Protein chains: 2
Amino acid sequence: MGKQMTEMLKGTLEGIVLALLADRPAYGYEITARLREQGFSDIVEGTVYALLVRVEQRGLVDVEKVPSEKGPPRKVYSLNPQGRAYLDEFWRTWSFLAERIGQLHDDTEGDD
Amino acid sequence: MGKQMTEMLKGTLEGIVLALLADRPAYGYEITARLREQGFSDIVEGTVYALLVRVEQRGLVDVEKVPSEKGPPRKVYSLNPQGRAYLDEFWRTWSFLAERIGQLHDDTEGDD
DNA sequence: TCTCGGTACTCGGTGTCACTGGGTACTGGT
DNA sequence: ACCAGTACCCAGTGACACCGAGTACCGAGA
């Protein structure tokens, strides 16, 4: 979608993935697929895997290795309490930002 | 506000500043002050100035030097047609992202 | 006069993040 | 034997907000 989206995803993609995990546990390949379904068509696997490594090292998710019928074993990630708290904080930050920007949009859209 | 806000501002702060300039021309110091008024209390001058240099070099804004009664001359930035087009693109990208994330929020908020 | 605080802009270095473009390994079908 | 799909990993790149410090210009008070 372009460079603007790339920059905008910094900081938000993490929240998006954690929100997906809050819904239900999932593994990397699956998360990538879900993101693509939701319209984030050019988010590639490498990005998601790197992100998952990060959140794991920060202790926001629990990991369980589950054998797959097809291919290597899956690493299934699930949100733990710490992750949930972090996600809460993410929503607060997001709401604040979205509100300001929404207001800015309303103020400036009348003149084009 | 914390690290999450820092990361989230990547890509969005640029749009915010351009939106401010779409409202009316302004200079760096003033923009910083306006941002603080709007609640972005810990955005420091250095960040804003660096951003302005960037958008100037990309040709999104026009610059005019105006003498100040107090201190060094002001560099007054105003959005030009290219910048307006870029801002339009920003709003499209933002709307897309905000819609997905908003939906994600609605889906997951019911279970805490 | 000298200092201090407010105004206004500049700059080098840091950490974080999404992206790129590869690679490994396991399975089933042809 | 080969290939496509599944599933994960990794080193390097560019962009960006932040940090801390510096420069310069002005008016007011000690």
Side-chain angles (χ1 to χ4, degrees), chain A residues 1-18 25-36 40-58 60-61 63-77 86 90 93 97, chain B residues 1-18 25-36 40-58 60-61 63-77 86 90 93 97:
Chain A
M1 282 206 76
K3 222 184 289 182
Q4 300 213 32
M5 183 57 97
T6 295
E7 289 306 319
M8 239 182 256
L9 282 174
K10 293 187 181 177
T12 55
L13 183 57
E14 196 172 280
I16 292 169
V17 169
L18 292 180
Y27 55 98
Y29 194 82
E30 181 191 3
I31 292 172
T32 307
R34 275 210 243 166
L35 286 173
R36 302 206 173 198
F40 299 100
S41 49
D42 50 352
I43 291 181
V44 292
E45 295 164 51
T47 299
V48 176
Y49 285 117
L51 192 159
L52 288 171
V53 167
R54 249 170 16 234
V55 295
E56 180 186 356
Q57 281 174 346
R58 290 194 200 146
L60 305 178
V61 292
V63 190
E64 196 192 356
K65 233 169 193 168
V66 176
S68 164
E69 327 81 48
K70 303 193 139 200
R74 299 166 173 168
K75 287 180 74 175
V76 175
Y77 295 85
Y86 187 87
F90 170 78
T93 307
L97 191 60
Chain B
M1 283 207 78
K3 221 182 292 181
Q4 300 212 32
M5 183 56 95
T6 293
E7 289 307 319
M8 240 182 254
L9 282 175
K10 292 186 181 177
T12 56
L13 183 57
E14 197 171 280
I16 292 169
V17 168
L18 292 180
Y27 55 98
Y29 194 80
E30 180 191 3
I31 292 171
T32 307
R34 275 211 243 167
L35 288 172
R36 300 205 176 199
F40 299 101
S41 48
D42 50 352
I43 292 181
V44 291
E45 295 165 51
T47 299
V48 176
Y49 286 116
L51 193 159
L52 288 171
V53 167
R54 244 161 30 226
V55 295
E56 180 186 356
Q57 281 175 347
R58 290 194 201 147
L60 305 178
V61 292
V63 190
E64 194 192 357
K65 235 171 194 168
V66 176
S68 164
E69 326 81 46
K70 304 191 138 202
R74 298 167 172 167
K75 288 180 74 176
V76 176
Y77 296 85
Y86 188 88
F90 170 79
T93 307
L97 190 61

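Any value given below was found using the heavy atoms of this structure, including those in side chains, with hydrogens, waters and symmetry copies removed. Proteins come first, then strands; the chains are lettered A, B, ... in the order of their sequence lines, and each starts at number 1. Since the structure is predicted, the reported quantities are computational estimates derived from the model, not experimental observations.
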A.B. asks: To the nearest 0.5 Å, how far apart are OG1 in A:Thr12 and CD in B:Glu7?
C.D. replies: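 Nearest 0.5 Å value for the OG1-CD distance: 10.0 Å.
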A.B. asks: Which nucleotide, D:dA7, C:dA8, C:dC17, lies nearest any side-chain atom of A:Tyr49?
C.D. replies: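 For A:Tyr49, the side-chain atoms sit closest to D:dA7.
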A.B. asks: Calculate the interatomic distance between A:Leu97 atom CG and D:dA17 atom C1'; express it in whole Å.
C.D. replies: 13 Å
A.B. asks: Identify which nucleotide among C:dC19, D:dA17, D:dT6 has an atom closest to any side-chain atom of B:Thr47, counting heavy atoms from C-beta outward.
C.D. replies: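 The closest nucleotide is D:dA17.
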A.B. asks: Over how many whole Å does the gap from B:Met8 atom CE to D:dA15 atom C1' extend?
C.D. replies: 18 Å
A.B. asks: Just the rounded figure in Å: distance from P of D:dA17 to CG of A:Leu9.
C.D. replies: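 Roughly 14 Å, once rounded to whole Å.
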A.B. asks: Does OP1 or OP2 of D:dA7 have a side-chain N or O of A:Tyr27 closer than 4.0 Å?
C.D. replies: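 For D:dA7, OP1/OP2 do have a side-chain N/O of A:Tyr27 under 4.0 Å.
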A.B. asks: Can you tell me how far apart OH (B:Tyr77) and CD1 (B:Ile31) are? Round to the nearest 0.5 Å.
C.D. replies: 8.0 Å
A.B. asks: Taking for each residue the nucleotide of DNA chain D bearing the nearest heavy atom, is the 5' side occupied by B:Leu13 or by A:Gly28?
C.D. replies: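 Residue closer to the 5' terminus by nearest nucleotide: A:Gly28.
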A.B. asks: Report the residue (B:Lys65 or A:Ser68) whose heavy-atom-nearest nucleotide on DNA chain C is the more 5′ of the two.
C.D. replies: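 Here B:Lys65 is the residue nearer the 5' end.
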A.B. asks: Find which nucleotide of DNA chain D each of A:Glu69 and A:Lys10 is nearest to by heavy atoms, and output the residue with the more 5' nucleotide.
C.D. replies: A:Glu69
A.B. asks: Salt bridge check, A:Glu56 against A:Lys75: does any charged N sit closer than 4.0 Å to a carboxylate O?
C.D. replies: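 Yes.
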A.B. asks: Whole-Å distance between C:dA8 C1' and B:Arg74 CZ?
C.D. replies: 9 Å
A.B. asks: Whole Å only: how far is the NZ atom of A:Lys70 from the P atom of D:dC8?
C.D. replies: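 Checked: the NZ to P distance equals 15 Å.
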A.B. asks: Would you kindly give the CD-to-P distance between A:Gln4 and C:dC17, to the nearest whole Å?
C.D. replies: 21 Å
A.B. asks: Among D:dA17, C:dA18, D:dA7, find the nucleotide with the atom closest to the side chain of B:Leu51.
C.D. replies: D:dA17
A.B. asks: Please state whether the base of C:dT16 and the side chain of B:Lys3 form at least one donor-acceptor pair under 3.5 Å?
C.D. replies: no
A.B. asks: Indicate yes or no: at least one non-hydrogen side-chain atom of A:Arg36 is less than 4.5 angstrom from one of A:Ile43.
C.D. replies: no
A.B. asks: Could you please name the option among C:dA8, D:dA7, D:dC18 that lies closest to any side-chain atom of B:Ile43?
C.D. replies: D:dC18
A.B. asks: Given atom NZ of B:Lys75 and atom C1' of D:dT23, what is their separation to the nearest angstrom?
C.D. replies: 15 Å
A.B. asks: Of the candidate nucleotides C:dC17, C:dA18, D:dC8, which contains the atom at the shortest distance from the side chain of A:Arg58?
C.D. replies: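 Closest of the options to the side chain of A:Arg58: C:dC17.
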A.B. asks: Counting only side-chain heavy atoms from C-beta out, which of C:dA25, D:dC16, D:dA24 sits nearest to A:Pro72?
C.D. replies: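 Of C:dA25, D:dC16, D:dA24, C:dA25 is nearest to the side chain of A:Pro72.
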A.B. asks: Between atom OH of B:Tyr86 and atom CD of A:Gln4, what is the distance when rounded to the nearest 0.5 Å?
C.D. replies: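 It is 4.0 Å, given to the nearest 0.5 Å.
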A.B. asks: In whole Å, what is the span from the CD atom of B:Glu30 to the P atom of C:dA8?
C.D. replies: 9 Å
